[in-house]
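In what follows, a single structure is set out as structure tokens and then discussed.
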Amino acid sequence: MPELAEVDFFRRQWDPGLGQKIIEVHLHRRKRVFRGSNPQMIVQRLTGGRFVRSYARGKQMLFAFSGHNWIGIHLGMTGELRTEPATFRPAKHDHFVLRQSRRALVFSDARLFGRVRYHKGKNLPDWWLASGPELLSDQFDQRFLEVFLDRHARAPIKAVILMQNGFAGVGNWMADEILWRSKINPAQLAGKLRAKERREILDQTKFVAREAMRTLAKDFSDPPEDWLIHQKWKANGICPRHGIKLSHAIVGGRSTVWCSRCQK
DNA sequence: ACCCCTGTTCGGCG
DNA sequence: CCGCCGAACAGGGG
């Protein structure tokens, strides 16, 4: 579920716990979400520390704790963060719980595609820096885009827009929304795109990211009515521009929707 | 019962 | 070696 703006929404769900001490860490040690990390060490290092700050970058979140301890969380397909009362008892899918005196900070994930990582040190973890520049920053510009599109010239543009080292935070619905607004067919090879189309991709990516941050990230409210996202999952979804029936196919390995009239 | 899925990684293959 | 593609991961919902 979570892409750029939803990820930031979930990150902020733990805000009430900022500055507060962690009195107990509860986790299911054997769960897949801890792959690559040592769950026992997470418990050891976080217990008694303080939750001091959080960051989001693309689909990644980073939580800073006192003593140079860091927790990275990726929500995968079905992960979510929330807070619960102090008396909360974890249920089946609540894999990681930071208990504070007044509340519990909870990560849950039914499908276990999400991930919790641990990092110790004064500097940011390497994997944090591996994702692309933030879409709304000046580093995500025309020059960056050109190089990235050319590097993946033989892949369909839909697949390229889903690559996190280029389009950090873009997931399936954002990708379709961007391509629809740019009037580009999702199956078009990235290397075939003309100068005007490349400019459109930059502009529409910024637009979709900015608007999503204004709505979804703030309170999980819907983007405007005339966005493609509202039609995408309907059996008989129509193009918001002129009302003809949308096309569906698997492109770049992902379910894709587009308008055959405006996206040639 | 069967098929679908807003994500990532890995092995196969061209 | 580079890079694309399909499968695998796992569970819930239609």
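Letters A, B, ... mirror the listed sequences (proteins, then strands); counts begin at 1.
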- Can you say whether the rings of A:Trp14 and A:Phe63 are parallel (under 30°), tilted (30 to 60°) or perpendicular (over 60°)? tilted
- Query: Taking the inter-plane angle between the rings of A:Phe96 and A:Phe34 on a 0 to 90° scale, is it parallel (under 30°), tilted (30 to 60°) or perpendicular (over 60°)?
  - Reply: perpendicular
- Assign each of A:Phe113 and A:Gly252 the nucleotide of DNA chain C bearing its closest heavy atom; nearer the 5' end lies the nucleotide of A:Gly252
- Item | Reference residue A:Asp176; test side-chain hydrogen bond (donor to acceptor under 3.5 Å, both in side chains); the match among A:Arg181, A:Lys232, A:Gln231, A:Gln263 | A:Lys232
Can you check the [X] [atom1] to [N] [atom2] distance for me, whole Å?
X: A:Arg151; N: C:dG3; atom1: CZ; atom2: C1'; value: 12 Å
X: A:Lys232; N: B:dC4; atom1: NZ; atom2: C1'; value: 13 Å
X: A:Lys234; N: C:dG14; atom1: NZ; atom2: C1'; value: 18 Å
X: A:Met77; N: C:dG13; atom1: CE; atom2: C1'; value: 13 Å
X: A:Arg115; N: B:dT8; atom1: CZ; atom2: P; value: 12 Å
X: A:Asp109; N: C:dG11; atom1: CG; atom2: P; value: 10 Å
X: A:His248; N: B:dC4; atom1: NE2; atom2: P; value: 14 Å

- Query: Is there a residue in residues 154-170 of chain A whose heavy atoms reach under 4.0 Å of DNA chain B, and which residues are they?
  - Reply: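 Heavy-atom contacts with DNA chain B come from A:Gln164.
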- Are A:Gln44 and A:Gln40 linked by a side-chain donor-acceptor pair shorter than 3.5 Å? no
- Query: Would you say the side-chain atoms of A:Arg117 and A:Ser37 include a donor-acceptor pair closer than 3.5 Å?
  - Reply: no
- Item | Proximity to the side chain of A:Arg32 - top-ranked nucleotide from C:dC9, C:dG12, B:dT8 |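 Output: C:dC9.
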- Using the ring of A:Trp127 (Phe, Tyr or Trp, six-membered ring only), decide whether A:Arg115 places NZ or CZ under 6.0 Å from its centre and within 45 degrees of its axis.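 The answer is no; the distance or angle limit is not met.
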Is the phosphate of [N], meaning OP1 or OP2, less than 4.0 Å from a side-chain N or O of [X]?
X: A:Lys92; N: C:dG12; result: yes
X: A:His152; N: C:dC4; result: yes
X: A:His74; N: B:dT8; result: yes

- Can we say A:Glu211 and A:Arg214 salt-bridge, meaning some charged N sits less than 4.0 Å from an Asp/Glu carboxylate O? yes
- Using a cut-off of 4.0 Å on non-hydrogen atoms, how would the nucleic acid contact of A:Lys59 be classed: base, sugar-phosphate, or nothing? sugar-phosphate
